Undergrad: 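Below is the structure I would like to discuss, written out as structure tokens.
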2 protein chains.
Amino acid sequence: MATIYDVAKQAGVSPKTVSRVLNGDGPVNAETRQVVEAAMAELGYVRSNAARMMRATRSGLVGLVTGAISTSIDPTRPTGLPDLFIVQGVQAVLAKAGKTLMIADTAGRQDSVPGLMRTFLEHRVEGLIYVADHHKEIASPGVPSQVPLVLANCFDAAGTPAIIPDDRAGQQGLTESLIAAGHRRIAYVTLMGEMVATRLRLQGYHDALAGAGIAADPALVAAGYREGYAQDGALVENAIDALLALDRPPTVICFGNDEMAMRGYGILRSRGLAIPDDISVAGYDDYRAIAETLFPPLTTVELAYRQLGEVAAAQLLARIEGQSDLPQQTLVPGPVRWRQSVRRLTA
Amino acid sequence: MATIYDVAKQAGVSPKTVSRVLNGDGPVNAETRQVVEAAMAELGYVRSNAARMMRATRSGLVGLVTGAISTSIDPTRPTGLPDLFIVQGVQAVLAKAGKTLMIADTAGRQDSVPGLMRTFLEHRVEGLIYVADHHKEIASPGVPSQVPLVLANCFDAAGTPAIIPDDRAGQQGLTESLIAAGHRRIAYVTLMGEMVATRLRLQGYHDALAGAGIAADPALVAAGYREGYAQDGALVENAIDALLALDRPPTVICFGNDEMAMRGYGILRSRGLAIPDDISVAGYDDYRAIAETLFPPLTTVELAYRQLGEVAAAQLLARIEGQSDLPQQTLVPGPVRWRQSVRRLTA
DNA sequence: CCTTGACATGACATCGGTGTCATGACATCA
DNA sequence: TGATGTCATGACACCGATGTCATGTCAAGG
């Protein structure tokens, strides 16, 4: 591959002049510039990033570590990649700031994180982002403290700056919307109980009920996932049947995510119920491939992953610029997406 | 950040000895090694990739350009990111080969490709992969011919090595399976007509019919998308109603993808038809978030994107190693995923 | 006892750019 | 007319690692 010296020789000037043409700093005679540019074109010159990095203080690189790309290997969650919207948001903000993004994937093995982080440090990244596939607590990635690090969709015990979805407010908002639409018997079929999101959303659900003066009925809350197991079709069916068998059955069922809601559509219909005429359904995530395509389209709560990525990147940039008075935890709200799967009850 | 000289001074040895400890080449006294390692740990030394690249012939980097991450910005395709499985497959193979993957995203704008390619070349990547979001023809990315380039999920007129899904064989295999299950009236609701996949799959559909001696009935083929428009709910409904109104209606409807099939579920049920008892349904893509979660689970054809990525990476590695007798076009087959949405008809 | 070779280590040049400083040719100004 | 400033360009050192070659020490072999 051609070097700046080759170009210089070809053009009959010094390497430094070629450098000036490349970077547009010092003055260069218009004629000389043309000769140099012709030489570069002829030799197919591309400048070496390695060499210029030797002198530069800043690399212009940001590293992102994620399990998102390969999460789907995990058999307990064979499904979506919506968490990649986080990467998308990060990418957009960083590109605008002129940074180049390096992405590495854990390939599902958490123990590969240190090695990946190290590779990034060898490339002298200016900052690091760790993206989790769902809202959870993680072990703190061991990174020298002088390199800014931001966690997206997760948090650690060490207090590393974290950007996470506001699951509590999300489910509260949805529940309040349902109440405003006239619903009083609101069922909730949860994700796995040990998940952070489950705890927070359940809290939001209860907060909304309490705020409206509606007594919480434990019989209306059921588990759609069993700990340690993959999504269990039978469990969702059982949960739904139990809800339908209640003396005062729910008028609406909220599911822990859109996939479960999709499954719910099929199960409810096989029980002879029309959606939303006989029973209303809501999901969570705004997994648009499902929510918008289902018939009828699904009312759900947007998991604002793209925005989450944008916020994470913006905070990282701020930290790179030296700001230190940034919040340790940032909640990203998720708006309710109202569609036709919920019927408005006339009071 | 500490350099190899800092470590050398701290340990009281020459930089070269530190280098030897780092790389484990030349012999180093066990005691000396310990002292050096202690110094490295104390200073938090991380070697500079830029500096070592100066001397190295090989960068160990591979660049991947994709619109996959941001494709969803495109309002006409608001849905999935299953094409990211390609990235996943690439990543897995490259990681095994000890290469580091750099990913750049077009952010939806095709004109950003040259700039991204250039950035990669500045990093002296050993090879490049271009990933498209769906099977299509693209304008040839202008890349110096000495850098190996492989196209994944797309092809160009210049004959750049391309890895693409075998859409024809996929739909043919599905159709043959349906015929084997006793179906004779097989409908096909297509994606947009100008898509490469649509043409190939339609061909596979006809090949299968011809192979079984079944006359093709043009009335059984309908368009589910209109050119230039997003997925049009009304169009799918009209297509289905037209099929159901035929004198000899189909016993099974194949949809152009799983999302359309999901929509089909809702529409068919709203017409009072049970799946698969009254009518069978098949999709395409094996978009598992949908296919496995639908009730009943959807028979479909796997778009072996992960494998496609693996093949692309493997071919790129071979080209990097200097092999040149590799095929210009490689078809990746997609197996039929048989689930409960298709009823076996007793003859 | 001297030669030979393995071991352990260091001096130095080099990779490809860029920052600093120097130089020569003119133009401008007092 | 001489002093000063600007333009255009080049010489040289330097960034941080590593390849090459040289050097010194010590043990084995003749």
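All chains are named by letter (A, B, ...) in the order of the sequence lines, taking the proteins before the strands, and each is independently numbered beginning at 1. Just so it is clear, the values below take in all heavy atoms, side chains as well, and ignore hydrogens, waters and symmetry mates. The model shown is predicted, which means the values in this text are computed figures rather than measured ones.
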Undergrad: More 5' along DNA chain C: A:D25 or A:T3, using each one's nearest nucleotide?
TA: A:T3
Undergrad: Need one value for A:V18: base, sugar-phosphate or nothing, where a base atom within 4.0 Å counts as base even if backbone is also close, heavy atoms only.
TA: nothing
Undergrad: Kindly point out which of D:dG16, D:dG10, C:dT18 is positioned nearest to the side chain of A:V13?
TA: D:dG10
Undergrad: Any side-chain N or O of A:N23 under 4.0 Å from OP1/OP2 of C:dT18?
TA: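 Yes.
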Undergrad: Between B:I4 (CD1) and D:dG19 (C1'), how many Å, whole number?
TA: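 From B:I4 CD1 to D:dG19 C1': 13 Å.
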Undergrad: With rounding to the nearest 0.5 Å, note down the distance linking OH in A:Y45 to CD in A:Q10.
TA: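 Atom-to-atom, A:Y45:OH and A:Q10:CD are 14.0 Å apart.
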Undergrad: Would you say a side-chain N or O of A:Y5 is under 4.0 Å from OP1 or OP2 of C:dT14?
TA: no
Undergrad: Ignoring backbone atoms, test whether A:T32 places a side-chain nitrogen or oxygen under 4.0 Å from the OP1 or OP2 oxygen of D:dA8.
TA: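 Negative; the distance criterion is not met.
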Undergrad: Kindly say if B:T17 contacts the phosphate of C:dT9, meaning a side-chain N or O under 4.0 Å from OP1 or OP2.
TA: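 Looking at the OP1 and OP2 atoms of C:dT9, neither is under 4.0 Å from any side-chain N or O of B:T17.
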Undergrad: Quick one: B:N29 CG to C:dA8 P, roughly how many Å, whole number?
TA: 6 Å
Undergrad: Tell whether B:K16 reaches the base of D:dG19 with its side chain through a donor-acceptor pair below 3.5 angstrom.
TA: yes
Undergrad: Between C:dG16, D:dA17, D:dT9, which nucleotide has the shortest distance from any of its atoms to the side chain of B:A51?
TA: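 Closest nucleotide among those given: D:dA17.
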Undergrad: Strictly below 4.0 Å: does A:S14 bring a side-chain N or O up to OP1 or OP2 of D:dG10?
TA: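 For D:dG10, OP1/OP2 do have a side-chain N/O of A:S14 under 4.0 Å.
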Undergrad: Inspect the surroundings of CD in B:Q34 and state if more than 12 heavy atoms from other residues, nucleotides or ligands are less than 6.0 Å away.
TA: no
Undergrad: In whole Å, what is the span from the CE atom of A:M54 to the P atom of D:dT18?
TA: 11 Å
Undergrad: To the nearest Å, give me how far apart CZ (A:R55) and C1' (D:dA17) are.
TA: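 The answer, rounded to whole Å, is 15 Å.
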Undergrad: OP1 or OP2 of C:dT18 versus the side-chain N and O atoms of A:S19: is any pair under 4.0 Å?
TA: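 For C:dT18, OP1/OP2 do have a side-chain N/O of A:S19 under 4.0 Å.
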Undergrad: Examine the side chains of A:E122 and B:S48 and answer whether a donor and an acceptor come within less than 3.5 Å of each other.
TA: no
Undergrad: Which is true for B:R52 with a 4.0 Å heavy-atom rule: it touches a base, it touches only sugar-phosphate, or it touches nothing?
TA: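 Sugar-phosphate only.
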Undergrad: Under 3.5 Å, is there a donor on one side chain and an acceptor on the other for B:N49 and A:H123?
TA: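 Result is yes, a qualifying pair exists.
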Undergrad: Rounded to the nearest angstrom, tell me the gap between atom CG in B:L22 and atom P in D:dG16.
TA: 15 Å
Undergrad: Under 4.0 Å, heavy atoms only, any strand: does B:R47 hit a base, just the sugar-phosphate, or nothing?
TA: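 Sugar-phosphate contact only.
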Undergrad: Would you mind telling me which of D:dT9, D:dT18, C:dG17 lies closest to the side-chain atoms of A:V28?
TA: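 The listed nucleotide nearest to A:V28's side chain is D:dT9.
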Undergrad: Does a donor on one side chain sit under 3.5 Å from an acceptor on the other, for B:N153 and B:Y130?
TA: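 The criterion, which ignores hydrogens and geometry beyond distance, is not satisfied for B:Y130 and B:N153.
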Undergrad: On DNA chain D, does the nearest nucleotide to B:R20 precede the nearest nucleotide to B:S48 from the 5' side, or the other way round? Give the residue.
TA: B:S48
